[in-house]
Amino acid sequence: MHLKNEIAKLLELTLSGMSDLSDAPEIASTHTTVERTRDPRHGDFTTNIAMRLAKSAGRNPREIAQAIIDALPQNELIDKVEIAGPGFINFHVSSIASHREVAGILASGQRYGRQETRATPKILLEFVSANPTGPLHVGHGRHASYGATLGNLLEAAGFKVDREYYVNDAGRQMDILGVSVLLRMLEAGGSTVRFPDAGYKGEYIREIAANITEDISNLDPLELFKGLPTDDKEEIISALIANAERLLGDDSFGKLRRQALESILSDIKDDLAEFGVVFDRWFSEQSLTDDKLIDDALAVLKKRQMLYEKDGATWFRATDFGDEKDRVVVRENGKKTYFASDIAYHYGKRERGYDHLIDILGSDHHGYIARVRAGLEAMGYAGDSLEVELVQFVTLYRAGEKLQMSTRSGEFVTLRQLREDVGNDAARFFYVMRSNDQHLDFDMELAKSRSNDNPVYYIQYAHARVASVFRQLEEKAFTYQQAEGISAFAMLTESHEKALMTSLSRYPEVIELAAVNRAPQHLVHYLRDVANELHSYYNAHQFIVEDDDLRNARLALIDATRIVIANGLGIIGVSAPEAM
RNA sequence: GCGCCCGUAGCUCAACCGGAUAGAGCAUCGGCCUUCUAAGCCGAAUGUUGCAGGUUCGAGUCCUGCCGGGCGCGCCA
């Protein structure tokens, strides 16, 4: 248990023993009212509980605060408790508490900041889920970084979490992909084709086409283009799909399509793996149909009388659950809508035993949330078991110039290009530096710069600096005795040392805060603070000193700092280099 | 037109169920390397939190209206 929770628990215990206050409804949420102070003059922790209780108790907040302070039992973690301002209760943490915490870092190492895993809720985190019709671009990179980091945060905070990628491998877009590849194959074979506007025009389609093994030699290109409509681009592509299926045969076109899909999917998997983003499961949309899960979900809805027929289609009563209109699940032509697979997919997630579902979606999908939630509710699951985190768009800047991107035309910067350009560390870091509900301006020059402008290097440098000190130690033939250092923590009385110890002890709280708020930027800002304090300390004091106790104590402190930085960077997916 | 998100320093952004004097980085200006990496440190300056009301002991945060920006409103996926 971290320091903040210990203080909160102490406070709760005290309040429950105060007969005149213990009935107040505010008591129930006491644990959340203890927070770190912003100003060190206010001590280390503060609570506003006295002010919150004032109304229902009908008493002056400062008077209540004094009563609480009087009732607080003696505790070695706390040096001093005082009332301030309108009724804040400020706690000054003892040096014993700080020393214990830093010793705990050294003892826990990589595990420091990780809470014990709790059995429930089991969380399913779905993210990226980009259509497998082309390589990932820089927008997906933000989803990947945010999702991976959030997954790490949740795990560190003690939650059981599985990561899943929903592969949209069914439906029309696969047919369009197949036709796009087919046309590029014909082109490569010397035919002249008029490439349709609705096709995937990216250069990568030619590369995929070059690697398709399916034999199309008996396909007559002229036949393929025969009888095409000329006006509507959607109709043109539909006719091309129909012609391709007819001329090649359903089987052959299917194989071509599958090869194209596998090619793109394996590229996406490699890309993400290289980016340090791993999934527990790649869930196929097609499998929902193959395994009859959509039928099952629709049967559940039907049984619950949530469906009705109108205009030849089957509708779901989404308005009964707060959506703005009812939604079609089976079209007039008998085909199920994308929405039908999506509610089946989310229903399946709950059926597979996950208590809480987190979807990370692009902000342009926000209109979709209400209907999926409605689907869950209609099938008997709580709507709030689905949580959606929206990620805003990314704008790339290179040398101050905004890079225009268009997915349709195939002209966009891929995630792979970005990674090669700025490096994985900078990319992972920059992507989670900002709150996910803010548009992100990604400055490629800054991400690349090996200078003090670059926050990634600033933090990594702090880690490398500590490593460097330990290398110097050997060269100078001094030793580092960790246990002696811990015993001598009382010698660390400099302001830099106290500040650093306080910051380090915040780490588990920051992990929890970032996890609960789904806000990795808290961790980023925290790590910058720790790095700053390390650098300041480094400049103000010598670590490798003659005095054995002082040297060991200082080295133990920076050793702990190195651990916290490495753990924090690890959660973001950024390396902690030994030397730079 | 309706719905969701956003609006904080010159720029890019933080700000933990509402809490104390709204904080960082960049850019600007001035200092610090014969001493563990100057990819660093120290200092200076920077605000009508889009506007107007309301709730509250207390509002950047909650409510209402307006202004500006993004996105969404399909028997597409």
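Letters A, B, ... are given to chains in the order of the sequence lines, protein chains preceding strands, and every chain is numbered from 1.
Contact annotation for A/Ser363: backbone-only contact, meaning every heavy-atom pair under 4.0 Å involves sugar-phosphate atoms and none involves a base. Within 4.0 Å of A/Arg371, counting heavy atoms only, lies no atom of the nucleic acid at all. Across all strands shown, A/Tyr538 has heavy atoms under 4.0 Å from base atoms, whether or not it also approaches the sugar-phosphate. Heavy atoms of A/Gln173 sit under 4.0 angstrom from primed sugar atoms or phosphate atoms, though from no base atom. Residue A/Ala462 is classed as having no contact, given no heavy-atom separation below 4.0 Å to the nucleic acid. Residue A/Ala519 is classed as having no contact, given no heavy-atom separation below 4.0 Å to the nucleic acid. Counting non-hydrogen atoms under 4.0 angstrom, A/His366 reaches a base of the nucleic acid. A/Gln392 comes within contact range of the sugar-phosphate backbone alone, with a heavy-atom separation under 4.0 Å but no base atom that close. Among the protein residues, A/Glu234 comes within range of no part of the nucleic acid, since none of its heavy atoms lies under 4.0 Å from any strand. A/Ala370 comes within 4.0 angstrom of nothing in the nucleic acid, heavy atoms only. The residue A/His463 sits apart from the nucleic acid: no heavy atom pair falls under 4.0 Å. Among the protein residues, A/Met51 comes within range of the nucleic acid bases, having at least one heavy atom under 4.0 Å from a base atom. Nucleic acid contact for A/Phe470: none, since no nucleic acid atom lies under 4.0 Å from a heavy atom of the residue.
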Subject >> Verdict with reasoning, A/Glu389 to A/Asn436, per side chain to side chain contact (heavy atoms under 4.5 Å, CB included) >> reply: CA-CA 8 Å; A/Glu389 295 299 330; A/Asn436 57 299; 4.0 Å; yes

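OP1 or OP2 of B/rC76 has at least one side-chain nitrogen or oxygen of A/Arg331 nearer than 4.0 Å. Phosphate contact (OP1/OP2 of B/rA20, side-chain N/O of A/Arg38, threshold under 4.0 Å): present. At the phosphate of B/rG74, OP1 or OP2 sits under 4.0 Å from a side-chain N or O atom of A/Lys325. At the phosphate of B/rA14, neither OP1 nor OP2 sits under 4.0 Å from any side-chain N or O atom of A/Arg528. When the side-chain nitrogen and oxygen atoms of A/Asn532 are compared with OP1 and OP2 of B/rC41, one or more of them lie within a distance under 4.0 Å. Contact annotation: A/Gln521 reaches the phosphate of B/rA15 (side-chain N/O to OP1 or OP2, under 4.0 Å). Phosphate contact (OP1/OP2 of B/rC16, side-chain N/O of A/Tyr526, threshold under 4.0 Å): absent. OP1 or OP2 of B/rC42 lies within a sub-4.0 Å distance of a side-chain N or O belonging to A/Ser536. Close to B/rG7, at under 4.0 Å from its OP1 or OP2, lies a side-chain N or O of A/Gln438.
Of all nucleotides listed (B/rC41, B/rA39, B/rC75), B/rC75 comes nearest to the side chain of A/Ala313. The A/His535 side chain lies nearest to B/rG40 when the options are B/rG72, B/rG40, B/rA20. Across B/rC6, B/rU21, B/rA77, the shortest atom-to-atom separation from the side chain of A/Glu285 is found for B/rA77. Checking B/rC73, B/rG19, B/rC75 against every side-chain atom of A/Glu324, the shortest atom distance belongs to B/rC73. Comparing B/rU35, B/rA77, B/rG72 against the side chain of A/Tyr338 picks out B/rA77 as the nearest. Set against B/rC71, B/rC13, B/rA15, the side chain of A/Asp441 has B/rC13 as its closest nucleotide.
With hydrogens and angles left out, the side chain of A/His439 and the base of B/rG69 share no donor-acceptor pair within 3.5 Å. For A/Thr337 and B/rA77, a side-chain-to-base donor-acceptor distance below 3.5 Å is absent, hydrogens and geometry of angles not being considered. With hydrogens and angles ignored, no donor-acceptor pair closer than 3.5 Å exists between the side chain of A/Asn48 and the base of B/rA20.
The CG atom of A/Leu390 sits 10.0 Å away from the CG atom of A/Asp359 when rounded to the nearest 0.5 Å. For the atom pair OG of A/Ser145 and CZ of A/Phe127, the computed distance is 9.5 Å after rounding to the nearest 0.5 Å.
The 5' end of RNA chain B is approached more closely, in terms of each residue's nearest nucleotide, by A/Ser435 than by the other of A/Asn90 and A/Ser435.
Across every strand in view, B/rG19 sits in a pair with B/rC57 that passes the Watson-Crick or G-U test at under 3.5 angstrom. Nucleotide B/rU12 forms a pair with B/rA24, judged by Watson-Crick or G-U wobble geometry with both contacts under 3.5 Å. Checking B/rG40 for Watson-Crick or G-U wobble geometry (two distances, each under 3.5 Å) identifies B/rC32 as its partner. When both pairing distances are held under 3.5 Å, B/rC2 makes a Watson-Crick or G-U pair with B/rG72. Remark: B/rC66 base-pairs with B/rG50. Criterion, Watson-Crick or G-U wobble with two distances under 3.5 Å.
In this structure, B/rC33 shows a glycosidic angle within 90 degrees of zero, which is the syn conformation.
Residues A/Tyr345 and A/Glu285 bring no donor and acceptor atom of their side chains to less than 3.5 Å of each other. There is no side-chain donor-acceptor pair under 3.5 Å between A/His496 and A/Glu533. For the residue pair A/Thr133/A/Gln173, the side-chain donor-acceptor check at 3.5 Å is not satisfied.
Using C1' as the reference atom, B/rU46 and B/rU21 are 16 Å apart when rounded to the nearest Å. B/rA59 and B/rG68 have their C1' atoms separated by 22 Å, with the value rounded to a whole Å.
Judged by the 6.0 Å and 45° rule, A/Arg142 forms no cation-pi pair with A/Phe442. Annotation: cation-pi geometry satisfied between A/Arg528 and A/Tyr458 (NZ/CZ under 6.0 angstrom from ring centroid, within 45° of ring axis). The cationic group of A/Arg373 does not satisfy the cation-pi geometry with A/Phe321, failing either the under 6.0 Å distance to the six-membered ring centre or the 45° limit from the ring axis.
Residue ring and base: A/His365 does not count as stacked with B/rG72 (centre distance below 5.5 Å and interplanar angle below 30° not both satisfied).
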